[in-house]
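Input: a single structure, listed below in structure tokens.
Both ligands and their constituent atoms are indexed starting at 1 by order of listing. Just so it is clear, the values below take in all heavy atoms, side chains as well, and ignore hydrogens, waters and symmetry mates. Residue numbers run from 1 in the order of the sequence given.
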Amino acid sequence: MKEKLGARNALYPLVTTIVGTVVDGKPDFATIAHVGIAHLNGITLGMGRVHLTNEGIKANRTFSVSLPSEDMVELTDHIGMVSGRKEDKSGLFEVFYGELDTAPMIAGCKVTMECRLIEHVELPTHDLFVGEVVGTYANVEVLTNGAVDIAKLKPLLFDMSSRKYWSLGEPVAKCWSVGKDFDAKE
Ligand SMILES: Cc1cc2nc3c(=O)[nH]c(=O)nc-3n(C[C@H](O)[C@H](O)[C@H](O)COP(=O)(O)O)c2cc1C
């Protein structure tokens, strides 16, 4: 039997990211878990309009998306609780820049992407940003055959129900493959 929970978004877990931008000439960062993939190179961000980071993204039309690993959980949580309006977060990370000079990427995150804003939708309380990945940078120790290996990266998964960060589990099966064995009659 199912219990109706009301209109509650149940689309968790989501990967926890740190979004970076430049505001008044300094990097600012926000922890953002409401991220999605619009198309293979397209990233969506759902960000409350009150955040300082939003101002930088709108002004520069660029942002970075970095993936903190489990060992960065305390710092990740901290920057998700304190606004750049109250605390200067620019010194918390060593940053580097790629092709875009207003998308500060976090050196301490093993995978990070610089993005160009291609679409901005104003929702009642939130900005929906759609970005196109311009460049992706990864530490060699999290790569397997030249691709990011999530088992090595150990990303932080975010769950709203438990309000906890979770780890990845084990792989279940190969995509575009295991379904070939499906038999509707079984
Ligand atoms: C785990 C976690 C996930 C978060 N995800 C989001 C999110 O998806 N969207 C959002 O608007 N804020 C999210 N936040 C809140 C922002 O990170 C937070 O308000 C931050 O202080 C904004 O900083 P800023 O004002 O310097 O931009 C999250 C916070 C935490 C701790």
Testing the 3.5 Å rule here: is there a donor-acceptor pair between the side chains of [X] and [Y]?
X: Asp77; Y: Tyr165; answer: yes
X: Asp28; Y: Thr21; answer: no
X: Thr62; Y: Thr102; answer: yes
X: Asp88; Y: Ser90; answer: yes
X: Glu70; Y: Ser167; answer: yes

Interfacing atoms of ligand 1 (cut-off 4.0 Å, heavy-atom, [X]):
X: Ile32; result: 5 (N), 6 (C), 7 (C), 8 (O), 9 (N), 10 (C), 12 (N), 13 (C)
X: Phe158; result: 1 (C)
X: Ser83; result: 21 (O), 23 (O), 24 (P), 25 (O), 26 (O)
X: Gly84; result: 24 (P), 25 (O), 26 (O)
X: Ile79; result: 20 (C), 21 (O)
X: Lys89; result: 21 (O), 23 (O), 24 (P), 26 (O)
X: Gly46; result: 7 (C), 8 (O), 9 (N), 10 (C), 11 (O)
X: Gly48; result: 10 (C), 11 (O)

>> Using the ring centroid of each side chain, check whether His51 and Phe29 are separated by less than 6.0 Å.
In response: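 So the answer is no for these two rings.
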Among all protein heavy atoms, pick the one closest to [atom] and tell me residue, atom and distance.
atom: atom 5 (N) of ligand 1; answer: Ala33 N, 3.1 Å
atom: atom 27 (O) of ligand 1; answer: Thr53 OG1, 2.2 Å
atom: atom 17 (O) of ligand 1; answer: Thr31 O, 2.7 Å
atom: atom 19 (O) of ligand 1; answer: His51 CE1, 2.9 Å
atom: atom 8 (O) of ligand 1; answer: His34 N, 2.8 Å
atom: atom 29 (C) of ligand 1; answer: Gly80 O, 3.4 Å

Just how far is it from atom [atom1] of [X] to atom [atom2] of [Y], taken to the nearest 0.5 Å?
X: Phe129; Y: Ile118; atom1: CZ; atom2: CD1; answer: 13.0 Å
X: Leu117; Y: Leu100; atom1: CG; atom2: CG; answer: 11.5 Å
X: Thr53; Y: Met47; atom1: OG1; atom2: CE; answer: 4.5 Å
X: Phe96; Y: Tyr137; atom1: CZ; atom2: OH; answer: 6.5 Å

> What part of Val82 sits under 4.0 Å from ligand 1 if we count only heavy atoms: the side chain, the backbone, both or neither?
Replying inline: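 Just the backbone.
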> Side chain, backbone, both or neither: which part of Asp28 has a heavy atom under 4.0 Å from ligand 1?
Replying inline: side chain
>> Quick check: closest heavy atoms across Leu153 and Leu67, and the distance to 0.1 Å?
In response: CD2-CD1, 3.9 Å
> Touching ligand 1 at all, Arg85? Heavy atoms, strictly under 4.0 Å?
Replying inline: no
> Between His34 and Tyr12, how do the two ring planes meet: parallel, tilted or perpendicular, split at 30° and 60°?
Replying inline: tilted
> Charged N to carboxylate O under 4.0 angstrom, Asp127 versus Arg49?
Replying inline: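 Salt bridge flag = yes for Arg49 with Asp127.
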Short N or O distance, [X] and ligand 1, threshold 3.5 Å exclusive:
X: Met47; result: no
X: Leu52; result: yes
X: Tyr165; result: no
X: Asn54; result: no

